[in-house]
Amino acid sequence: MSNQVERSSRKVKTGVVVSDKRQNTVTVAIELQYPHPKYGKIIKKTRKLHAHDESFEAKMGDTVKIMETKPISKTKRWRVTEVIERAR
């Protein structure tokens, strides 16, 4: 057995930046889709997450990939890993 400790894989989500007004922080809207337990209709739910953006590269309207990380502040537990698509 090696001395390295295996780390569990971190969660990765994709969403749209809805706010970039704060310093080093962007708000990302994640859209969840799931079927209704009884009727089967697809329900869309939006969840907003705060992500750390050290390089200020994500702007409002961009599609970004965020990864789970250790708590950075009271509400930030995610960080921006890459900008997938720029807003027009």
Side-chain angles (χ1 to χ4, degrees):
M1 188 170 169
S2 65
N3 291 341
Q4 274 187 337
V5 177
E6 278 296 316
R7 249 187 354 196
S8 61
S9 61
R10 297 177 176 185
K11 295 175 188 169
V12 177
K13 295 184 184 285
T14 305
V16 178
V17 177
V18 292
S19 175
D20 61 351
K21 294 182 191 315
R22 293 187 287 168
Q23 190 174 6
N24 290 335
T25 304
V26 292
T27 304
V28 181
I30 308 293
E31 189 175 88
L32 307 168
Q33 291 184 344
Y34 59 94
H36 187 278
K38 184 174 182 181
Y39 301 113
K41 180 181 177 180
I42 301 298
I43 300 171
K44 290 182 184 178
K45 186 176 188 178
T46 303
R47 164 139 297 132
K48 288 186 197 174
L49 301 171
H50 303 292
H52 187 70
D53 184 20
E54 187 70 40
S55 58
F56 298 102
E57 61 185 29
K59 301 296 179 200
M60 198 160 167
D62 292 351
T63 303
V64 294
K65 186 183 287 188
I66 59 174
M67 180 183 286
E68 195 175 37
T69 184
K70 65 181 183 178
I72 298 168
S73 71
K74 181 180 175 183
T75 58
K76 281 200 289 187
R77 272 94 175 115
W78 299 84
R79 63 182 163 88
V80 176
T81 54
E82 69 173 300
V83 177
I84 297 171
E85 184 181 342
R86 294 270 177 211
R88 295 180 189 241

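If you're wondering where the values come from, they're calculated on a predicted model, not measured in any experiment. Position 1 is the first residue of the sequence; numbering continues from there.
Taking each heavy atom of A29 and V18 in turn, the nearest pair found is CB-CG1, 3.7 Å. Nearest heavy-atom pair, K11 versus W78, reported as atom, atom and distance to 0.1 Å: O-CZ3, 3.6 Å. Contact detail for G40 and P35: the closest heavy-atom pair is O-CB, 3.9 Å. Considering all non-hydrogen atoms of both residues, A58 and V17 come closest at CB-CG2, 4.1 Å.
At least one side-chain heavy atom of H52 sits less than 4.5 Å from a side-chain heavy atom of E54. In this structure, the side chains of V64 and V26 stay at 4.5 Å or more apart for every pair of heavy atoms. With contacts defined as side-chain heavy-atom distances shorter than 4.5 Å, the pair K13/R47 does not qualify.
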Intermediate values then yes/no, side-chain contact (heavy atoms from CB on, under 4.5 Å), R22 and K76: CA-CA 12 Å; R22 293 187 287 168; K76 281 200 289 187; 6.0 Å; no

T69/M67 under side-chain contact (heavy atoms from CB on, under 4.5 Å): CA gap, chis, key distance, verdict: CA-CA 6 Å; T69 184; M67 180 183 286; over 6 Å; no

V83 and K59: CA distance, side-chain angles, deciding distance, side-chain contact (heavy atoms from CB on, under 4.5 Å) verdict: CA-CA 9 Å; V83 177; K59 301 296 179 200; over 6 Å; no

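Taking CG of D20 as the reference point, atom CD of E57 lies at 12.5 Å (rounded to 0.5 Å). Rounding to the nearest 0.5 Å gives a distance of 7.5 Å between CG of D53 and CG of N24. In this structure, NE2 on H50 lies 8.5 Å from OG1 on T25, to the nearest 0.5 angstrom. From I30, atom CD1 reaches atom CD1 of I66 across 4.0 Å, with rounding to the nearest 0.5 Å. Within the model, atoms NZ of K70 and CZ of R77 stand 12.0 Å from one another, a figure rounded to the nearest 0.5 Å.
Within 6.0 Å of CZ on R86 lie more than 12 heavy atoms contributed by other residues, nucleotides or ligands. Around atom CD of E85, no more than 12 heavy atoms belonging to other residues, nucleotides or ligands sit under 6.0 Å away. Counting non-hydrogen atoms of other residues, nucleotides and ligands closer than 6.0 Å to CD of Q23 gives a total of 12 or fewer.
At least one donor-acceptor pair under 3.5 Å links the side chain of T81 to the backbone N or O of K65.
No continuous path of ILVMFWY side-chain contacts below 4.5 Å connects V80 to V16, so the two sit in separate hydrophobic clusters. By the criterion of side-chain heavy atoms lying less than 4.5 angstrom apart, applied directly or through intervening Ile, Leu, Val, Met, Phe, Trp or Tyr residues, L32 is not grouped with Y39; the two fall into different hydrophobic clusters.
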